[in-house]
Every structure is written in structure tokens, then in C-alpha cells.
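None of these values were measured; they are calculated from a predicted model.
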Amino acid sequence: MSTTDTEQSSIDAAALAASQQEVEALRAELEETNRGVVALYAELDAQAEQLKRATELKSRFLAYMSHEFRTPISAIRSIARLLVDRVDGPLTPEQEKQVAFIQSTATEFSDMVDDLLDLAKIEAGRVEISPAWFEMVDLFSALRGMFKPVLTNPDMSLVFEEPEGLPKLYTDDRKLSQILRNFISNALKFTTHGEVRVSATREGEAFIRFSVSDTGIGIDSKYHGAVFNDFSQIDSPVQKRLRGTGLGLSLSKQLAILLGGRVELESELGKGSTFSVIVPVQLEISARPQGTGVAG
């Protein structure tokens, strides 16, 4: 072998050795990366398990406390009713105001407990859906009768548009009514003059959009993404003056998902808001989230 061939062989051997070293280094780096990924997955699994346990504990706590609150709330409301009925004698004008305040506060407390219990049931997967066929005109009629006694502001009107040309719905009318009650209650609370309008329209062939529009204070766009979160409240002078838990809209969102639908918001500060729930004309049981029961 010539000197040139020997030198070339040495160069090739050195290049091969360098390549092998590079491969070994890459293999070691890959193994280290794999060990890191495995450790990361293990940590994520542990955190997911901790989060699951924390969620279960929170749901159990909310359900337990909600049940425990019911007895004293019922007692307060019963006693206040006896006072209003003058069972033990007449009340002075000031006493009437105080008892009325007790009644309204107890009612708000009761509504909060109901919302907490419903959210706990949803998170625990223990909500029963009872779908049935019904006419939207019957739903609107029931809602109109429900809110008629609370319309005491002469500068406000609650309008239900007639749902003409719309099909029957196959869904849980109680859950849908609960969503709309939350929307209407909020609209009435934050609208001092003008109107709150409830309507239903087709959304394609398979869905119905129920909308509650108001001429109230409106919501700044920076809050749109948070209004449906638990305990979310808008930072405004009106919000600070009015009490509330911020649970109603969160509950409405969860109920809409159970009904195979979704909620939406259109609003501009100072120009009113439109809250909508879009649900399928016919609830597909197989498409509903797991963990919820179906009664029928």
C-alpha cells in the first residue's frame, strides 16, 4: 500500500471514529430526553390525580354545605312569612321594611345555595336530563307568568316575541327554562329603563337560538371571556351596588353543554347586552357528556 493510501485510510478511520462518537452522543442525549419526558408524564399524571381529588372534594363540600344551608334558610323564610302575615300582631312601617329585607336576602341566599348545589351535581356527573317534546309557546308562557310579579319598574318592560313557525323541541325544558331564567333575571337587574326582549329563531336546520336582549348597562369587551366563569362579576358601579354570586351564568353555560348546546354573548358598554343559548332541536342522548343520567 502506498503512502497516499495509508494516509487516506487514516483519515477515513478518524472520520468513522468521529461519526461513531457523534452517534453515541446523540444516543445519550436522546436517552436523557426520553427519561425527562417519562418523568414529565409521571409528574403530569400525579398532578392530574391531585386535581381530580381536589375537584371531587370541592364538589362534595359544595353539595354538603348546600344541603346544610337549606334548613336554616327555610326557617328564616318561614318566620319572615309569619311576620308578614301578622300572625303575632301588626307591624310598624319600619318593621315591614326590615322583614321585607329579611325575605329578599333569604331568597337570594336560597338561590345561591341552589346554584351551588346544581354546579356540584354537574361536576360530580349526577345531573339527570329528562328530555321530552314541547312547544316553545308553552315555555315562553310559563316564563312570562313567572316574571310578571317582579316587574315593578314602570320604566321597564319584558317582551316575549311569539315563536312563530318554529318546530317542537325535544330537550329538557326545565334545564332550558333555568338557563333563560338566569339570563332574564340578570337582564332585569342591570336594566333600569327600556326593555328586556326574549326571542327564539332558527339556527340552521338543527338548532334553535334563544336570545335575551336588554337595553341595560352593557359589558365591556375585555370582560366577555370571563362572564361565564364561576363567581365572575363585572367591575362597575351598578355591579357593586347590586348583590350577586356570579354563579348564574356559569351554571347556564354548564347546563347548555349538557343539553348539547352552547352559550354566547354580544354586548357593548352602555348599549345593552344579548345573551343567547343555542340548543339542538332534538337532543341526541349519545352525544351528551358522560356521567350525566337520563330520565325518561
same_hphob_cluster(Val198, Phe207) at 4.5 Å side-chain heavy-atom cutoff: no
Side-chain donor/acceptor of Asp85 to backbone N/O of Val87, under 3.5 Å: no
Enclosure of His193 NE2 (heavy-atom neighbours >12, cutoff 6.0 Å): no
Minimal non-hydrogen separation, Gly218 against Leu269, with atom names: O-CD1, 3.9 Å
Donor-acceptor pair, side chain of Lys168 and main chain of Met136, under 3.5 angstrom: no
Residue pair Pro280 / Gly260: nearest heavy atoms and the distance that separates them: CD-O, 3.5 Å
Crowding at CD, Gln47 (>12 non-hydrogen neighbours, <6.0 Å): yes
Parallel, tilted or perpendicular, as decided by the 30° and 60° cut-offs, for the rings of Phe140 and Phe210: perpendicular
Candidate pair Glu203 and Arg262, rule salt bridge (charged side-chain N to carboxylate O under 4.0 Å, His left out), full reasoning: CA-CA 12 Å; Glu203 185 88 354; Arg262 66 187 190 278; 3.8 Å; yes
Single-linkage hydrophobic cluster, 4.5 Å side-chain cutoff, Phe160 and Met146 together: yes
Other residues, nucleotides, ligands: >12 heavy atoms within 6.0 Å of Asn34 CG: yes
Exam field: side chain Asp214 to backbone Leu188, donor-acceptor pair closer than 3.5 Å: no
Donor-acceptor contact present, side-chain Gln95 to main-chain Thr92, <3.5 Å: yes
Joint cluster assignment, Ile278 & Leu139, ILVMFWY side-chain distance < 4.5 Å: no
Pairwise distance CZ(Arg209) to OG(Ser199) - rounded to 0.5 angstrom: 9.5 Å
Approximate separation, where rounding is to 0.5 Å, of Met156 CE and Glu195 CD: 8.0 Å
Short side-chain to backbone donor-acceptor contact, Arg77 and Ala75, under 3.5 Å: no
Leu259 side, atom CG; Lys175 side, atom NZ - distance, nearest 0.5 Å: 8.0 Å
Val196/Val159 under side-chain contact (heavy atoms from CB on, under 4.5 Å): CA gap, chis, key distance, verdict: CA-CA 6 Å; Val196 172; Val159 180; over 6 Å; no
Contact summary for Glu32 and Arg35, nearest pair of heavy atoms: OE1-NH2, 2.5 Å
Within one Ile-Leu-Val-Met-Phe-Trp-Tyr cluster: Val279 and Val281, side-chain cutoff 4.5 Å: yes
Taking every non-hydrogen atom, the tightest pair across Ala80 and Val99: O-CG1, 3.7 Å
Over 12 non-hydrogen atoms of neighbours within 6.0 angstrom of CD in Glu164: no
Check: Gly272 main-chain N/O paired with Ser267 side-chain donor or acceptor under 3.5 Å: yes
Residue pairs involving residues 138-158 (criterion salt bridge (charged side-chain N to carboxylate O under 4.0 Å, His left out); sequence neighbours excluded): Arg144-Glu162
Nearest-0.5 Å distance, CG of residue Leu26 to CD of residue Glu24: 9.5 Å
Audit row: Phe134, Leu176, side-chain contact (heavy atoms from CB on, under 4.5 Å) steps and yes/no: CA-CA 12 Å; Phe134 66 93; Leu176 179 57; 4.1 Å; yes
Rounded distance (nearest 0.5 Å) linking atom CG of Asp172 with atom CG of Leu255: 9.0 Å
Backbone N/O of Ala106 and side chain of Ser110: donor-acceptor pair under 3.5 Å: no
Ile79 with Ile76, same ILVMFWY side-chain cluster at under 4.5 Å: no
Steps toward side-chain contact (heavy atoms from CB on, under 4.5 Å) verdict (Asp88, Leu82): CA-CA 8 Å; Asp88 294 323; Leu82 291 174; 5.7 Å; no
Side-chain touch Thr201/Leu166, heavy atoms, less than 4.5 angstrom: no
Donor-acceptor pair between Arg181 and Ser177 side chains, under 3.5 angstrom: yes
Glu29 atom CD, neighbour heavy-atom count above 12 within 6.0 Å: no
Ion pair check, Glu266 and Lys271, cut-off under 4.0 Å: no
Smallest separation among heavy atoms of Val212 and Ala187, with atom names: CG1-CB, 4.1 Å
Single hit among Asn182, Ile219, Leu180, Asn186 for side-chain contact (heavy atoms from CB on, under 4.5 Å) with Phe275: Ile219
Lys253/Glu264 salt bridge by N-O under 4.0 Å criterion: no
From Phe183 atom CZ to Leu265 atom CG, the distance as rounded to the nearest 0.5 Å: 9.0 Å
Stepwise side-chain contact (heavy atoms from CB on, under 4.5 Å) check, Val127 with Leu258: CA-CA 9 Å; Val127 174; Leu258 291 179; 3.8 Å; yes
Contacts of Gln178 that satisfy side-chain hydrogen bond (donor to acceptor under 3.5 Å, both in side chains) - sequence neighbours left out: Asp118
side-chain hydrogen bond (donor to acceptor under 3.5 Å, both in side chains) partners for Ser211, two or more places apart: Ser276
